[in-house]
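As the structure lists them, so they are numbered: ligands from 1, and atoms in each ligand from 1.
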Amino acid sequence: MTTIGFVGLGIMGSPMAGHLVEAGHDVTGYDVGPTGLDKLKAAGGAAAASAAEAVRDKDIVITMLPQDEHVEQVFRDVLEHANPGTLYIDFSTITPQTARWTAQEGTKKGLRVLDAPVSGGETGAVNAALSIMVGGAEADFEAARPIFGALGKTVALVGGNGAGQCVKAANQLVVGGTYALVAEAILLMENLGADAAKGLDVLAGGLAGSKILELKRESMLARNFVPGFRIDLHHKDMGIILQAARQAEVSIPMGALTAQLIAAARAMGYGSLDHSALLLVADALSGRAETDGES
Ligand code: NAD
């Protein structure tokens, strides 16, 4: 049995921690809110009163937190309270720089550090079917395999520390851009008199097909934007992507445009909706803001 400290028991972290309990590990969790702690206790894990308590004397420490600032804050507790040799895995989506900082500072304290952002959404977390992109040393990746195996289906070591976050940035670039184009395709079909539902079925079966068309075309057509993955979090990710592109000195005009559309969605008050709500931005840009699902 492996002892695990798990900090950040939200939409993603809560089911992930539950799977680790099911896999037979001794999981102690911490979250600033009560909901995730209650769920973990119900699943057979233990609740800590602080991050420091959760990470002390554990074989493995895991974080699944919203953004860089939260990871930085909790990682300071990890540095202070985790034992040398502890394997630290951060599943959050943050900047590659912060991931590298955790690796540099962690190594000084004898910690083994992996960045391991995930894709697959809440459904992927609940079904233990996440895609996990990992940055770090090969030996640490191998040591973490049982953890990844309990949480995901597609797992790859994609480079050194920070590389997992680089691949996650690329993932979010494609997801955001795809939503923006699917939204425009829907708008086009609806306003040219074509049957948009049948049209999307055809698109999904051809070269334009994608996981997004497969999973989201019906809810988008119905203008149902219950999250899922919130616009606010994708806005955070677009910031990471643009910063990474600037650092790499590459030009990503499609990414920049997608970032502006997501910023518009947020400015229109859709920050808490699913990121497929980019369709509402497309509607508004064409003066179809009143469309409410009956089109
Ligand atoms: P969430 O907001 O539901 O969960 C984050 C949890 O962290 C919350 O329960 C919050 O209370 C807790 N928290 C914040 N600060 C804390 C602190 N200092 N100490 C302890 N707990 C703290 O977010 P989520 O949807 O679970 O996403 C987590 C990360 O995973 C984000 O980086 C997100 O971008 C990424 N992600 C999310 C999805 C998704 O579909 N939701 C998919 C892939 C990746």
Side-chain angles (χ1 to χ4, degrees), residues 5-19 28-40 45 47-55 61-81 89-96 98-99 102 115-134 148 151-155 164-165 167-176 179 211-212 215-216 219 225-241 262 266 271-277:
F6 199 123
V7 183
L9 302 166
I11 290 180
M12 300 294 284
S14 185
M16 290 167 74
H19 290 312
T28 303
Y30 176 68
D31 194 290
V32 287
T35 315
L37 290 171
D38 291 343
K39 282 191 195 162
L40 180 60
S50 66
E53 186 187 321
V55 309
V61 168
I62 289 171
T63 45
M64 188 46 158
L65 296 159
Q67 35 191 320
D68 287 54
E69 68 214 59
H70 310 102
V71 172
E72 283 168 27
Q73 187 194 343
V74 172
F75 189 68
R76 290 185 197 283
D77 282 320
V78 179
L79 285 174
E80 197 172 334
H81 299 284
I89 308 170
D90 179 31
F91 286 111
S92 326
T93 303
I94 58 168
T95 60
T98 300
T102 62
D115 51 295
V118 304
S119 175
E122 185 181 10
T123 315
V126 169
N127 295 335
L130 293 169
S131 289
I132 309 177
M133 39 225 113
V134 188
F148 297 145
L151 304 175
K153 292 224 164 99
T154 308
V155 183
Q165 296 297 351
V167 174
K168 176 66 184 180
N171 183 79
Q172 294 305 83
L173 176 64
V174 173
V175 170
Y179 271 122
K211 203 85 177 169
I212 284 172
L215 297 176
K216 292 287 199 165
S219 60
F225 303 117
V226 175
F229 186 74
R230 286 179 291 116
I231 286 278
D232 279 343
L233 283 177
H234 213 129
H235 180 69
K236 176 255 309 181
D237 292 347
M238 294 315 297
I240 294 172
I241 292 161
I262 291 177
R266 220 166 160 254
S272 297
L273 300 186
D274 189 69
H275 47 174
S276 53

Between the protein and ligand 1, are there any N or O atom pairs that come within less than 3.5 Å of each other, and if so, what are their names and distances?
unit_1, atom_1, unit_2, atom_2, d
ligand 1, 3 (O), Ile11, N, 2.9
ligand 1, 9 (O), Asp31, OD1, 3.3
ligand 1, 9 (O), Asp31, OD2, 2.6
ligand 1, 11 (O), Asp31, OD1, 2.6
ligand 1, 21 (N), Val32, N, 3.4
ligand 1, 26 (O), Ile11, N, 3.3
ligand 1, 26 (O), Met12, N, 2.9
ligand 1, 32 (O), Leu65, O, 3.1
ligand 1, 32 (O), Pro66, O, 2.8
ligand 1, 32 (O), Thr93, N, 3.0
ligand 1, 32 (O), Lys236, NZ, 3.2
ligand 1, 34 (O), Lys236, NZ, 2.8

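- Looking at heavy atoms from C-beta onward, Leu65 lies out of side-chain contact with Phe75 at the 4.5 angstrom threshold.
- One N or O on the side chain of Asp68 and one on the backbone of Thr95 form a donor-acceptor pair closer than 3.5 Å.
- Side-chain polar atoms of Asp237 and Thr93 form no donor-acceptor pair below 3.5 angstrom.
- Using cut-offs of 30° and 60° for the angle between ring planes, the Phe91 and Phe148 rings count as perpendicular.
- Side-chain atoms of Met16 and Ile62, non-hydrogen and from C-beta on, never get closer than 4.5 Å to each other.
- Shown here for Ala17 and Leu40, the closest heavy-atom pair between the two residues is CB-CD1, 3.9 Å.
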